[in-house]
Novice: 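Structure below; questions to follow.
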Amino acid sequence: MARRPVAWVVSLVLFAEALGVAALNWFLGVVVDRQNMSLAGLDPDMMSTSSKIGGVVFGLYFALCGLVALLVARRDRAPAGLGRVLLISAAVVHALLGAVTWGLVGWTAFLYMVVVFGLVVLLLMTYDGRPEQPADAAPGVSPGVSPGVAPGGGGAGGGAGGDGSPVTPPAPTTP
């Protein structure tokens, strides 16, 4: 299935984007610092420092999102809790940046943002509704059940159908 390759691609793209965002903001901070530029009377040193700090913060954010995608790819399990929230927020950030880049940068940047947005959403949707079971587990074996024992056999509450359900299905009725 395409779940693991999508997670690997998303992790690589987010790590590359983390480096790119951090390097771009650092470069802009250096440019402002060397040219001693000011915007509406703001302190150039403060502008340079805030650009560098912003680049590091957003770089770490995208790196953390890439780490979550990497863990999803390694474990082949859906992201949960904070990891899922981080990936959803990364999708929202890319959607908003895509809307902004269409007018400010051009259609190629918009296309990049939409592709990353689509990859993150695809990562989130391919694991949605799946049982929390790794792909390398034996098929038909539930976690916590020994492979040699029938899921519903022997014990209180075992179903008659052998499907592991605790309730016996109703008898069929004929009209």
Side-chain angles (χ1 to χ4, degrees), residues 1-35 37-40 42-139 142-144:
M1 182 159 293
R3 294 185 316 179
R4 277 187 134 166
V6 168
W8 284 109
V9 169
V10 168
S11 67
L12 290 175
V13 167
L14 288 174
F15 283 134
E17 192 170 9
L19 288 174
V21 165
L24 178 67
N25 279 332
W26 195 272
F27 173 73
L28 291 175
V30 169
V31 168
V32 168
D33 193 31
R34 287 189 181 164
Q35 292 187 357
M37 297 187 302
S38 177
L39 180 67
L42 293 175
D43 182 26
D45 291 330
M46 183 61 70
M47 289 173 49
S48 172
T49 304
S50 64
S51 176
K52 291 175 182 178
I53 290 172
V56 168
V57 167
F58 278 110
L60 289 175
Y61 165 71
F62 284 129
L64 187 60
C65 293
L67 180 66
V68 169
L70 181 68
L71 290 175
V72 167
R74 287 277 293 153
R75 297 176 181 166
D76 197 25
R77 280 189 271 171
L82 182 62
R84 187 166 183 84
V85 170
L86 279 171
L87 288 176
I88 290 171
S89 69
V92 170
V93 165
H94 282 89
L96 291 174
L97 287 177
V100 170
T101 56
W102 178 269
L104 296 177
V105 181
W107 68 271
T108 54
F110 170 76
L111 184 63
Y112 172 77
M113 289 295 165
V114 168
V115 166
V116 176
F117 168 71
L119 284 171
V120 173
V121 169
L122 184 62
L123 170 68
L124 289 167
M125 295 303 291
T126 54
Y127 284 96
D128 194 32
R130 300 278 183 173
E132 295 294 325
Q133 184 177 11
D136 57 352
S142 301

Novice: Is there a donor-acceptor pair closer than 3.5 Å between any side-chain N or O of T49 and the backbone N or O of M46?
Specialist: no
Novice: Can you confirm whether V100 sits close enough to L96 that some side-chain heavy atom of one is under 4.5 Å from a side-chain heavy atom of the other?
Specialist: no
Novice: Table please: side-chain donor-acceptor pairs of residues 61-71 below 3.5 Å, with sequence neighbours left out.
Specialist:
{"residue": "Y61", "atom": "OH", "partner": "S89", "partner atom": "O", "Å": "3.4"}
{"residue": "Y61", "atom": "OH", "partner": "S89", "partner atom": "OG", "Å": "2.7"}
{"residue": "Y61", "atom": "OH", "partner": "A90", "partner atom": "N", "Å": "3.1"}

Novice: Looking at every non-hydrogen atom in both residues, tell me the closest pair between A7 and V72 and how far apart they are.
Specialist: CB-CG1, 4.1 Å
Novice: Drop me the distance from L12's CG to L119's CG, to the nearest 0.5 angstrom.
Specialist: 11.0 Å
Novice: Using the test ring-ring contact (aromatic ring centres under 6.0 Å, His included), find all partners of W102 that sit at least two apart in sequence or belong to another chain.
Specialist: F110
Novice: Can any side-chain N or O of R3 pair as donor or acceptor with the backbone N or O of L123 at less than 3.5 Å?
Specialist: no
Novice: Are any non-hydrogen side-chain atoms of Y112 and V13 less than 4.5 angstrom apart?
Specialist: yes
Novice: What residues form a side chain to side chain contact (heavy atoms under 4.5 Å, CB included) with A16, not counting sequence neighbours?
Specialist: none
Novice: With sequence neighbours left out, write down each residue that passes side chain to side chain contact (heavy atoms under 4.5 Å, CB included) with L19, or none if nothing qualifies.
Specialist: none
Novice: Within the 4.5 Å heavy-atom criterion, are P79 and V85 side-chain neighbours or not?
Specialist: no
Novice: Could you list the residues that satisfy side chain to side chain contact (heavy atoms under 4.5 Å, CB included) with L28, not counting sequence neighbours?
Specialist: L24, N25, S51
Novice: How long is the straight-line distance from CG of D45 back to CE of M47, given to the nearest 0.5 Å?
Specialist: 10.5 Å
Novice: Working to the nearest 0.5 Å, report the span between CE of M113 and OG1 of T101.
Specialist: 6.0 Å
Novice: Of all the heavy-atom pairs spanning G29 and S48, show the shortest one and how long it is.
Specialist: O-OG, 2.9 Å
Novice: Quick one: which residue pairs count as a ring-ring contact (aromatic ring centres under 6.0 Å, His included) with a foot in residues 8-32, not counting sequence neighbours?
Specialist: none
Novice: Under the side chain to side chain contact (heavy atoms under 4.5 Å, CB included) test, which residues partner F117, sequence neighbours left out?
Specialist: A91, H94, A95, V121
Novice: What residue pairs, at least two apart or across chains, pass side-chain hydrogen bond (donor to acceptor under 3.5 Å, both in side chains) with a residue in residues 62-73?
Specialist: none
Novice: Is any side-chain heavy atom of V116 closer than 4.5 Å to a side-chain heavy atom of E17?
Specialist: yes
